[in-house]
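Structure first, commentary second.
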Amino acid sequence: MTLFKEYIFPRLIQWVIVIFIGVSLTFLIPRMSPINPIDQAMGRLTAFQTLSPEATLALRQSLMDLYGLDGSLFSQYVNFWGRVLRGDLGPSFSAFPTTVTEMIGSAIWWTIGLLGLSTVIAWTLGLVLGALAGYFPDRWWSKVLENTLVSIYPIPYYIVAFILLMLFTYYLPIFPLVGGSRGAPGFSWSYLSSLVYYGFLPALSLVIGATAFRFIMSKALAGTERTSDYVRFAEIAALPKRKIVFRYVIRNTMLPQVTDLALSLAAIFEGALITEVVFGYPGLGYLLLNAINASDYNMIMGITLLSIVGIATASLLIDLCYPLIDPRVRYR
Amino acid sequence: MLVTIRDLFRYSPAFRYGSIILVVVFILAALSFFSPYAAEARRVVPRNAPPSWEHWFGTTSQGQDVFWMLTYAVRNTLIVAGLAVIIGRGIGVMIGMISGYLGGRWDRFLSGLVDSFIVIPRLPLLILIAAMLRGQMTLVALGLMIGLLDWAIPSKRYRSQVLSLREREFTNTAVFSGMRAPKVVVREHLPFLIPFLLADVVSGFLFAIGLEVTLSVLGLGDMNAQSLGTMIYWGNYYQSLLANRVWVLAAPIAASVFIVVGFYLSSVGLTAYLDPRTRLARLQAKG
């Protein structure tokens, strides 16, 4: 019970505050804009296609609610929350009858797949390599690894992405320039292998930077663990080095890394958006780019809302998993 | 201050190389004032020429000289980042000092706000604002916005610094001698924060440059001005990769790597200098 009161409850409160602030900001920002997005959007829509009067009215109503000039500011705010809670963000402007929710729903799995996989790979790789390099700081491979990763680390995601794109699609054309897969979706070998083939470069560009970051942190943590008593006792007891590293050192360095994963989720997500744009990968980032180019405000707002809620929820989940790993939190 | 910088230059290779790179970058930015072409001028040189003695980094399909474009771009990117850093650190220092010094209910309220703000992803919000202001965005507005979104993490750092400063003897002396709270914070505590501010400013530059490039690559910056991001955007837009004109993209990408690495190396040198443990070791070595 104390666990709930001291650990879980404050985090739930914080989650609610984050979502409240995020949704309120997305409500306020368009209202402070000097442009009237409704007029602009209606003009753009009616210029391209003829709509039935009912459809126009329905569209105008959903725009009114979302950007709303309907009623007082407070009732607009309540309406906006209603739409957010129902998950109804109205139709996309650029692909008119399709709703924003539908389009996001089909794009999000690409992003989650790319992001999830590359985060897990980078996190594990960085943790293990960092712990090894921290435990054996004088070996030649540990020095080579450290120098390489430290000089890669400050280079931003999108630059790594551009460099990989130039190297492997232009100078050495072995990977495709754009796209996410080939052939009809299904559990066939050709489709699944094309998923890996198309996803390899985008994932690599994310993994490189994230591994370097994780490595630097993990090496520093393992370096302090190395001098602690339990490691010395384990060494005196002549335990195999491999066992000391993997059973004891890594498990102890893991704890702060889990917290940090929750904190750096937003950064990882932001990196993935740009990576998708660079590689033309059909996830949220690419959807966002198209929405920006078509001034599809509904879609931009939808993606903004979703990313705020999604990242806040994901970091809440990671925080809630923390007591499972750290006994000190559990028994407090 | 000057002695510190000289010592850093002498003993920290990271700081030395980092600051050399930064000096080159600043010279590049300063060169923009001597550019033979105006920033917006198009069709002033032969189009699509590869790098040569006449045009060091080649020319674009719009008839611009890439080298002189780059000088404007570096300057503008640095201006945006500088503005963002000043605003962001200003807010951060203020909130951190208030919440650290006042403590109690204020501290809990402000810390809660800061903690929530850290979790909110900033890029989507920035994209929403920029998309709403599309076509009316200026470099100054961009710097302002980035600054307004980047104060939470620094303010947390300053708060913890002030929390420890508040327990020191001299704070009590100041309070007992009748100094009022704002004066104590500004006159007694702020000087202690300056070294941390220095390291923080450098990392703020890194963040702001990253955001500027990201937004411009998405086509959301001030697309008429030259910046590193807009150079990449227009390079992509005119399909320089497909058309074998790599130099158009290579220049801004190489420049951003240089700037980022320069700032990063100097911040590594600074942080190592500020770290109390290594500082202790250095003092022992001296004495």
Side-chain angles (χ1 to χ4, degrees), chain A residues 10 13-15 17-22 25-26 29-30 32-35 37 150-151 153-159 162-163 165-166 169-171 177 262-263 265-267 269-271 273-274 277-278 285 288-289 291-293 295-297 300-301 303-308 310-312 315-316, chain B residues 14 18 112-113 115-136 149 153 203 206-207 209-211 213-215 217-220 228-229 232-233 235-236 240-242 244 246 249-250 252-265 267-268:
Chain A
I13 293 282
Q14 204 201 345
W15 179 73
I17 295 176
V18 167
I19 292 195
F20 179 77
I21 295 181
L25 280 177
T26 33
I29 289 166
M32 294 192 286
S33 151
I35 311 167
V150 165
S151 42
Y153 162 68
I155 304 174
Y157 288 111
Y158 51 90
I159 299 294
F162 266 114
I163 293 171
L165 189 74
M166 280 162 90
T169 63
Y170 176 73
Y171 288 111
L177 197 56
L263 279 179
L265 263 184
F269 176 78
E270 287 166 6
L273 283 187
I274 301 310
V277 169
V278 173
L288 185 65
L289 179 72
I292 291 168
N293 285 337
S295 297
D296 188 346
Y297 294 111
I300 298 173
M301 199 133 117
I303 294 176
T304 310
L305 275 174
L306 179 90
S307 40
I308 291 172
I311 290 172
S315 42
L316 174 78
Chain B
L113 197 73
D115 282 343
S116 314
F117 213 83
I118 286 176
V119 188
I120 294 176
R122 287 165 289 189
L123 184 66
L125 273 186
L126 209 52
I127 287 175
L128 184 66
I129 303 173
M132 289 292 157
L133 290 173
R134 193 159 186 229
Q136 297 179 317
L149 288 175
I153 294 176
S203 64
L206 279 179
F207 175 78
I209 290 170
L211 268 189
V213 175
T214 308
L215 279 182
V217 167
L218 284 170
L220 284 173
L228 291 174
I232 298 178
Y233 177 84
N236 263 341
S240 43
L241 267 188
L242 290 176
N244 272 354
V246 186
L249 279 180
I253 287 179
S256 7
V257 171
F258 260 97
I259 296 180
V260 166
V261 169
F263 273 114
Y264 175 73
L265 284 179
S267 96
V268 167

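Each chain gets a letter, A, B and so on, in the order the sequences are listed, and its residues count up from 1.
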- [ ] State, with a plain yes or no, whether a side-chain heavy atom of A:I274 is found less than 4.5 Å away from one of B:V213.
- [x]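 SC-SC contact between A:I274 and B:V213 ruled out.
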Please classify the contact between [X] and chain B as side chain, backbone, both or neither, with a heavy-atom cut-off of under 4.5 Å.
X	result
A:L288	side chain
A:I13	neither
A:S315	side chain

Open item on the list: side-chain contact (heavy atoms from CB on, under 4.5 Å) for A:I21 and B:L113? Distances and angles first, verdict last.
Closed with: CA-CA 9 Å; A:I21 295 181; B:L113 197 73; 4.3 Å; yes
- [ ] Please say which of A:I303, A:I300, A:L305 ends up in a side-chain contact (heavy atoms from CB on, under 4.5 Å) with B:L128.
- [x] A:I300
Open item on the list: So, taking the atom named CG in B:L149 and the one named CG in A:L25, what distance separates them when rounded to the nearest 0.5 Å?
Closed with: 8.5 Å
Task: B:T214 vs A:L273, side-chain contact (heavy atoms from CB on, under 4.5 Å): CA-CA, chis, key distance, verdict - done: CA-CA 10 Å; B:T214 308; A:L273 283 187; over 6 Å; no
TODO: Examine whether an atom of B:L265 lies under 4.5 Å from a heavy atom of chain A, and if so say whether it belongs to the side chain, the backbone or both; otherwise answer neither.
DONE: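 Nothing of B:L265, per the 4.5 Å heavy-atom cut-off to chain A.
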Task: Contact origin within B:I232 toward chain A - heavy atom pairs under 4.5 Å - done: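 Contact with chain A involves the side chain of B:I232 alone.
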TODO: Check step by step if side-chain contact (heavy atoms from CB on, under 4.5 Å) holds for B:I127 and A:T304.
DONE: CA-CA 8 Å; B:I127 287 175; A:T304 310; 5.7 Å; no
